[in-house]
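For reference, the structure is listed below as C-alpha cells.
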Amino acid sequence: MTVREVIEKIDYMTYNMFREDFNIYNELKEILKYIQKYYEEFIELIPRLNKIGMSIDMMSVVGQIKTLSDALEKRDGVIVFDTLKYEVKDTLGLYGEIKEIMEQE
C-alpha cells in the first residue's frame with residue numbers, strides 16, 4: 001500500500017467513522033502496519049531533512065504515533081479520529097511529497 005493509498009483510506013475511515021454500521025478499529029487493522037512503516041521511514045529521514053534546512057520536530061512526529069496507539073488501546077474514538085484526520089494524514093502527506101521528490105532525483 002502506498003503512502004497515497006494510506007491517506008485515501010484515512011479519509012474514507014474518518015468520513016465514515018461515526019456511522020453505526022462502520023467499525024474503524026477493524027478498518028485500522030488493515031492499514032496500521034503501513035502507518036507504522038511510513039512513520040519509521042520518515043523518523044529515520046528527519047535528521048537529514050533538518051540538516052538541509054527543514055525544521056521538523058521529531059518528538060512531535062513520534063508523539064503522534066504514541067497518541068494514536070494510546071487512543072486505540074483505550075478505544076477512544078474521538079482521539080482516534082482527531083489523530084488520524086489532523087495529524088497522521090498531514091504527516092503522511094508531507095512524507096509522501098518528500099518521498100516523491102527523493103525518488104525523482
Side-chain angles (χ1 to χ4, degrees):
M1 188 173 271
T2 67
V3 174
R4 175 70 26 221
E5 290 170 332
V6 173
I7 291 169
E8 289 171 3
K9 184 72 172 184
I10 288 171
D11 279 337
Y12 170 78
M13 290 186 316
T14 54
Y15 180 79
N16 291 294
M17 183 172 175
F18 295 105
R19 289 186 10 216
E20 284 191 33
D21 63 339
F22 187 80
N23 186 330
I24 193 163
Y25 302 103
N26 288 339
E27 298 286 329
L28 261 173
K29 286 179 189 176
E30 180 185 327
I31 68 163
L32 198 54
K33 65 184 172 200
Y34 296 104
I35 291 172
Q36 291 171 329
K37 173 185 181 262
Y38 292 131
Y39 262 72
E40 287 173 9
E41 290 175 7
F42 187 45
I43 289 166
E44 192 174 298
L45 187 60
I46 288 174
R48 287 182 35 211
L49 295 171
N50 286 344
K51 277 187 179 178
I52 61 169
M54 294 187 80
S55 181
I56 301 169
D57 182 1
M58 186 183 310
M59 294 313 296
S60 175
V61 174
V62 171
Q64 293 171 10
I65 288 292
K66 178 158 178 26
T67 301
L68 182 60
S69 176
D70 291 346
L72 289 172
E73 185 177 312
K74 295 174 184 170
R75 294 184 86 69
D76 187 329
V78 173
I79 294 177
V80 169
F81 175 88
D82 283 347
T83 305
L84 286 172
K85 178 119 178 123
Y86 302 112
E87 295 180 15
V88 172
K89 182 179 165 189
D90 289 346
T91 298
L92 289 178
L94 174 62
Y95 176 60
E97 289 176 23
I98 291 168
K99 189 173 174 156
E100 280 181 26
I101 292 168
M102 291 175 67
E103 288 171 353
Q104 290 175 359
E105 294 179 352

Where is the tightest heavy-atom contact between [X] and [Y], given as atom of each residue plus distance?
X: Tyr38; Y: Thr2; result: OH-CA, 3.4 Å
X: Ile79; Y: Ala71; result: CG2-CB, 3.5 Å
X: Leu49; Y: Phe42; result: CD1-CE1, 3.8 Å
X: Asn50; Y: Met54; result: OD1-O, 2.8 Å

To the closest 0.5 Å, what do you measure between [atom1] ([X]) and [atom2] ([Y])?
X: Ile46; Y: Met58; atom1: CD1; atom2: CE; value: 5.0 Å
X: Arg19; Y: Ile24; atom1: CZ; atom2: CD1; value: 11.5 Å
X: Leu84; Y: Lys9; atom1: CG; atom2: NZ; value: 12.0 Å
X: Leu68; Y: Asp82; atom1: CG; atom2: CG; value: 11.5 Å
X: Leu28; Y: Lys33; atom1: CG; atom2: NZ; value: 13.0 Å

Taking the side chain as C-beta and beyond, is there a heavy-atom pair between [X] and [Y] under 4.5 Å?
X: Glu30; Y: Met13; result: no
X: Met17; Y: Val80; result: yes
X: Leu45; Y: Tyr95; result: yes
X: Glu41; Y: Lys37; result: yes

Give the C-alpha distance, both sets of side-chain angles, the deciding distance and a yes or no for side chain to side chain contact (heavy atoms under 4.5 Å, CB included) between Val6 and Val88. CA-CA 10 Å; Val6 173; Val88 172; 6.0 Å; no
Less than 4.0 angstrom from a charged side-chain N to a carboxylate O is my criterion; do Arg4 and Glu8 meet it? no
Report, as yes or no, whether the 6.0 Å neighbourhood of atom OH on Tyr15 holds more than 12 heavy atoms from other residues, nucleotides or ligands. no
Has Arg48 got more than 12 heavy atoms of other residues, nucleotides or ligands less than 6.0 Å from its CZ? no
Pairs involving residues 58-68, ordered by first then second residue, that meet side-chain hydrogen bond (donor to acceptor under 3.5 Å, both in side chains) (sequence neighbours left out): Tyr39-Gln64, Gln64-Thr91, Lys66-Asp70
Take the angle between the ring planes of Phe18 and Phe81 and call it parallel below 30°, perpendicular above 60°, tilted in between. tilted
Side-chain heavy atoms under 4.5 angstrom apart, residues restricted to Ile, Leu, Val, Met, Phe, Trp, Tyr: same cluster for Ile65 and Leu94? yes
Are Phe22 and Tyr12 near enough that their ring centres are under 6.0 Å apart? yes
Polar side-chain atom of Thr14 near backbone of Asp11 as donor-acceptor pair, under 3.5 Å: yes
